[in-house]
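Comments concern the structure below.
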Amino acid sequence: MAKIKGDIVIDIEKCKGCSVCIPACPQDVIALSANVNSKGYHFAETVNDACTGCANCAIVCPDAVITVYRKKVE
Amino acid sequence: MSQITKEEIRQPENLVYKKTELLTDNPLSYCPGCGHGTAHRVVMEVIDEMGIQEQTIGIAPVGCSVLAYEFMNVDMQQAAHGRAPALATAVKRLMPEKFVFTYQGDGDLAAIGTAETIHACNRGENIVIIFINNGIYGMTGGQMAPTTLPGMKSSTSPYGRDVALMGNPLKITELIAQLPGTLYVTRQAVHTPAAVRRAKRAVRKAFENQKLNKGLSFVEIVSNCNSGWKMTPNQSNEWMVENMFPFYPLGDIKVND
Ligand SMILES: Cc1ncc(C[n+]2csc(CCOP(=O)(O)OP(=O)(O)O)c2C)c(N)n1
Ligand code: SF4
Ligand code: SF4
Ligand code: SF4
């Protein structure tokens, strides 16, 4: 059965840790890191492999720091 | 199911979303979670998708988005406080082949710039006005604006806006929808994926109207000012849904052809 697998890449240096992407994700893929970037923000990171590449997180990210990929897997 | 690595997914042919090149690489000067950034992106994605980057001139306001020209990768001017619709009028009349838009906050558009807003709308200038309504003067420290809700706290109404003392909030979008010069008037938001998609369709319609020389389109975006409202970004978006949307209902207010 064909399955959709997605992944996101977060530009952690530009992420401001605002958390707006977190409730936007239907798969609960994103959480804030315990680490901080050079500006001192707890940046967003992926915490599981459930991403479907729906792009919801990227569409609400005010700082446009999320890139989204999606691939059909046989 | 066969295993697939992140590297295999992260290939150019699998790309579904990335930041438009019509946003510069400058880090946005906005507070974390502020809707201004999303609103910028919505406008720039529309201009990108219409292929009109070279023909577009934006007018930045005074307010938190005073530096919009640092982030929007199109030709821009920055107007004196509230004067963006007057400047946009001049630019469009001198260069009618250009796509001209203003980007203004509620203090800029609905307080100091009320006259310019109303007259540009009433004249029916062939421009697009993008109006970011966060119910407050964000840049200067969260003072009460004409758009501040009844009972809403701000730095100059710390006990909440008392309408008897401070007057009523101004629904300027409903007001300008009454004017014969306006063609398309709508109110949108950018706090959820669905709202962003709808806002983008509205902005697209506004620029398409200008392309066809149809007249003035006015897109209000109800947005958060989490710093001024003294909330986290997600709390501010919830507060916006509960308090701003009942007073400023989303949707088209006027659609002419
Ligand atoms: C002529 C003039 N009067 C007052 C100011 C001070 N001032 C700067 S920004 C601003 C209000 C901005 O509020 P708004 O338009 O709602 O934008 P926001 O910052 O909330 O995005 C004011 C009053 C100014 N810069 N120039
Ligand atoms: S919405 Fe964007 S800036 Fe905010 S935490 Fe998520 S990735 Fe970072
Ligand atoms: S693309 Fe969709 S599923 Fe993947 S992290 Fe973003 S919101 Fe979640
Ligand atoms: S003060 Fe308010 S409007 Fe200005 S950038 Fe911060 S959150 Fe946005």
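Proteins get letters first, then strands, A, B, ... in listed order; numbering begins at 1 in each.
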| query | Can you check whether B:G37's main-chain N or O pairs, donor with acceptor, with A:D63's side chain at less than 3.5 Å? | reply |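 No, because the side chain of A:D63 does not come within donor-acceptor range (under 3.5 Å) of the backbone of B:G37.
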
| query | More than 12 heavy atoms of other residues, nucleotides or ligands under 6.0 Å from NZ of B:K98: is that the case? | reply |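 Check passes, neighbour count above 12.
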
| request: Determine whether more than 12 heavy atoms belonging to other residues, nucleotides or ligands lie under 6.0 Å from atom CD of B:E8. | output: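 Result for CD/B:E8: enclosed.
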
Contact summary for [X] and [Y], nearest pair of heavy atoms:
{"X": "B:D25", "Y": "A:K14", "result": "O-NZ, 2.6 Å"}
{"X": "B:Y30", "Y": "A:K16", "result": "O-NZ, 2.6 Å"}
{"X": "B:L28", "Y": "A:P62", "result": "CD1-O, 3.2 Å"}
{"X": "A:C18", "Y": "B:G33", "result": "CB-N, 3.2 Å"}
{"X": "B:N14", "Y": "A:K71", "result": "ND2-CD, 3.5 Å"}

| field | Part of A:C21 within contact of chain B (heavy atom distance under 4.5 Å) | value |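 The answer is neither part of A:C21.
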
| request: Name all residues meeting the ring pair (Phe, Tyr, Trp, His ring centres under 6.0 Å) criterion together with A:F43; count only those two or more places apart in sequence or in a different chain, and write none if there are none. | output: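 By the ring pair (Phe, Tyr, Trp, His ring centres under 6.0 Å) rule, A:F43 matches no residue at all.
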
| field | Partner of B:V16 by side-chain contact (heavy atoms from CB on, under 4.5 Å), out of A:V68, A:I8, A:T67 | value |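 Looking at A:V68, A:I8, A:T67, the match for B:V16 under the side-chain contact (heavy atoms from CB on, under 4.5 Å) is A:V68.
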
| Can B:Y17 and A:I66 be said to form a side chain to side chain contact (heavy atoms under 4.5 Å, CB included), step by step? | CA-CA 8 Å; B:Y17 194 93; A:I66 305 180; over 6 Å; no

| message | Under a 4.0 Å threshold between the charged nitrogen and the carboxylate oxygen, would A:D49 count as salt-bridged to B:K6? | response |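 Yes, this pair counts.
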
Between [X] and chain A, with a heavy-atom cut-off of 4.5 Å, which part of the residue counts as in contact: side chain, backbone, both or neither?
{"X": "B:L23", "value": "side chain"}
{"X": "B:Q11", "value": "backbone"}
{"X": "B:R41", "value": "side chain"}

| field | B:T5 OG1 to A:K5 NZ distance, which is reported to the nearest 0.5 Å | value |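 Here the interatomic distance stands at 10.5 Å.
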
| Quick one: CG on B:N234 to CD1 on A:I22, what's the gap to the nearest 0.5 Å? |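 If I round to the nearest 0.5 Å, the distance is 7.5 Å.
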
| message | Is the shortest side-chain heavy-atom distance between A:V65 and B:K19 below 4.5 Å? | response |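 Answer no - side chains too far apart.
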
| said: Go through it in stages, so that I can follow the logic: the residues are A:V20 and B:H191, the test is side chain to side chain contact (heavy atoms under 4.5 Å, CB included), and I'd like the CA-CA distance, side-chain angles, deciding distance and then a yes or no. | reply: CA-CA 8 Å; A:V20 170; B:H191 62 307; over 6 Å; no

| Choice from A:C51, A:P23, A:A24, A:C57 maximising heavy atom contacts with chain B below 4.5 Å |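 Top count of heavy-atom pairs under 4.5 Å with chain B: A:P23.
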
| Which one of B:L15, B:V42, B:N237, B:V196 has the most heavy-atom pairs closer than 4.5 Å to chain A? |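 Heavy-atom pairs under 4.5 Å are most numerous for B:L15.
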
